[in-house]
Protein chains: 2
Amino acid sequence: MKSTERHHPAASSRERLVEATRELLWEQGYTSTTPAEIRARAGVGQGSMYHHFPTKADVAAEAMLRNSAELERAMDDYLKQTPSPAGSVKSYLSKPRDGQKGCRFGRMTLDNAVLENERLRGPVADSLAWYRRRIEHLLIDGQARGELRDDFSAEAVAATIIAIVQGAHVLARADRSQAAFDRVIEGGLTLLAGLERRA
Amino acid sequence: MKSTERHHPAASSRERLVEATRELLWEQGYTSTTPAEIRARAGVGQGSMYHHFPTKADVAAEAMLRNSAELERAMDDYLKQTPSPAGSVKSYLSKPRDGQKGCRFGRMTLDNAVLENERLRGPVADSLAWYRRRIEHLLIDGQARGELRDDFSAEAVAATIIAIVQGAHVLARADRSQAAFDRVIEGGLTLLAGLERRA
DNA sequence: GTCTATACCGCGATAGAC
DNA sequence: GTCTATCGCGGTATAGAC
C-alpha cells in the first residue's frame, strides 16, 4: 500500500511490465500479486498490459523465464571467482542473501496456482535442478581432485546443499530475522567441512 | 473442486470447523483457503461459522495453535522410540514424510498474510523454534556422551537439520516428486555422519 | 446456535475509443 | 499501442429470521 510506483521510464512498456512482475513476484509471490499492481509499478495503463500479455499468467511466465536466465548467469559469474571446487561450494552457501526475502524460485513452490500451471512451474523446477547439478559437478570435481572424500553421493549432497539454503529462508521468514538464516548457513558449513578429506 | 465434504459429524460445530481448517491450511495454505471451503468441509452453515469465529484469521489462529500442540507431542512420542541421541537426530531426518504436502508450519512462511498477523505467525515461529531446540538438545546430549564430535555448534547444526527438512519440501514440490525429497534426506544423513566421533 | 439472503469489494479480464 | 470505462465473479463478512 506504499511504493507502488517505481517506473523504469527508459524501457518499453512490455519490458517495464516484465521487470515490475519480476520484482512483485519476489516480494509477494504469484497469487498475491495483482495485475493492477503490476500495471502501477510499470507505469502503464490498464489496456496496455492486456495488449502485451493476454493474462496474468503470461506476464508471470515471461518474468520467470527471465529469472532463470539471469540467476543462472549470476551464479556462473559468482562461482568463477573461486578457484577450488570445494571452496566454490562453501562460497555458494555463504553467499550474502536477504534471508527474509527468500529465493525467487523457492518462494513459488508453496503456491498451488504456480504448481498447477506448467508454464509457471517449469522454470522453477528447471532452475532449482540446474543449481543442484551445478553443485553436484563441483562436488564431483572436488572428489576427483582429492579435496573431498569420495565415499558419498555428490548428487544427494548437492540436493541437500540447495535445500539448506531454501530451508534457511523458511526459518528466517518464520522468525523474521536474518540471524535465523545465518545460523542455518553456519551449520551447513560445519556439516560440509565433515566431507573434506582428512589430513 | 472435488472432495469438499468430509464431515466429522460426531464433534461439535466449532470442533469440526477447527479440524477442517487444519486440513485445508495444510493442503492449500492460508490465503488460498476460503471461509466457504472451511464451512463446506466442516458441514456447517454460513452463519454458524461466523457465530463461533468472527473472522477467517480467528479460525486459522486456533487451528495453528492446535497444530503446535499436536505436532510437538507427536515429535516427543516419535523420538521416545530411539534410545541414543545421535540416533534420534538421524531418526528425525529419516522420518517418513509426504514431500509434496510439506510441513504444516513451513508452508505458512511464504504467505505474507500469515507473516503480517502475529496471531498466525506466532505459532509458526514458536513451533519451528521448538523443533530446533529439541534437536539442539539431542546434539548436545550426543556430544556429552561422546557419540558426536564436540567441536561444532549444536545450535547452528540443529537449525540446519530443520532447514534441510524444510528445503526438501521445497524441492519436492518444485519437482513434483517424492524422490527429490528423499535425495535431500539422503544427503542430510551423509552430512550428519560426518559429525560422528571418529573411531 | 444455526440458517438463508444479501452486501461490499477487489481481482481478473474485456470493450471500444483514440 | 495506449487509454478509460465497464463487467462478471468470488472472497469475506453482515443482517436478521428461526
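Values below: all heavy atoms of this structure, side chains included; hydrogens, waters and symmetry mates excluded. Just so you know, these numbers come straight off a predicted model, no measurement behind them. Order of the sequence lines sets the chain letters (A, B, ...), proteins ahead of strands, with each chain counted from 1.
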Task: Salt-bridge criterion met for B/Glu15 and B/Arg66 (N-O under 4.0 Å) - done: yes
- [ ] Tell me, please, which residues at least two apart from A/Arg97 pass side-chain hydrogen bond (donor to acceptor under 3.5 Å, both in side chains).
- [x] none
- [ ] For residues B/Trp26 and B/Asn67, determine if any side-chain heavy atom of one lies less than 4.5 Å from a side-chain heavy atom of the other.
- [x] no
Task: N-O pairing of B/Glu19 and B/Arg16 below 4.0 Å - done: no
Task: Boundaries of the chain B footprint along DNA chain D (any atom under 4.0 Å from a heavy atom) - done: D/dG11 to D/dT14
Taking only nitrogen or oxygen atoms into account, show me every contact under 3.5 Å that the protein makes with nucleotides 10-12 of chain C, one pair per line with its distance.
unit_1, atom_1, unit_2, atom_2, d
C/dG12, OP1, A/Lys56, NZ, 3.0

Task: B/Lys80/B/Asp77 salt bridge by N-O under 4.0 Å criterion - done: yes
Open item on the list: Please check: side-chain N/O of B/Arg176 versus main-chain N/O of A/Leu115, any donor-acceptor pairing under 3.5 Å?
Closed with: yes
Task: Candidate list A/Arg132, A/Arg134, A/Arg133, test salt bridge (Lys or Arg N to Asp or Glu O under 4.0 Å), partner A/Glu136, passing option - done: A/Arg132
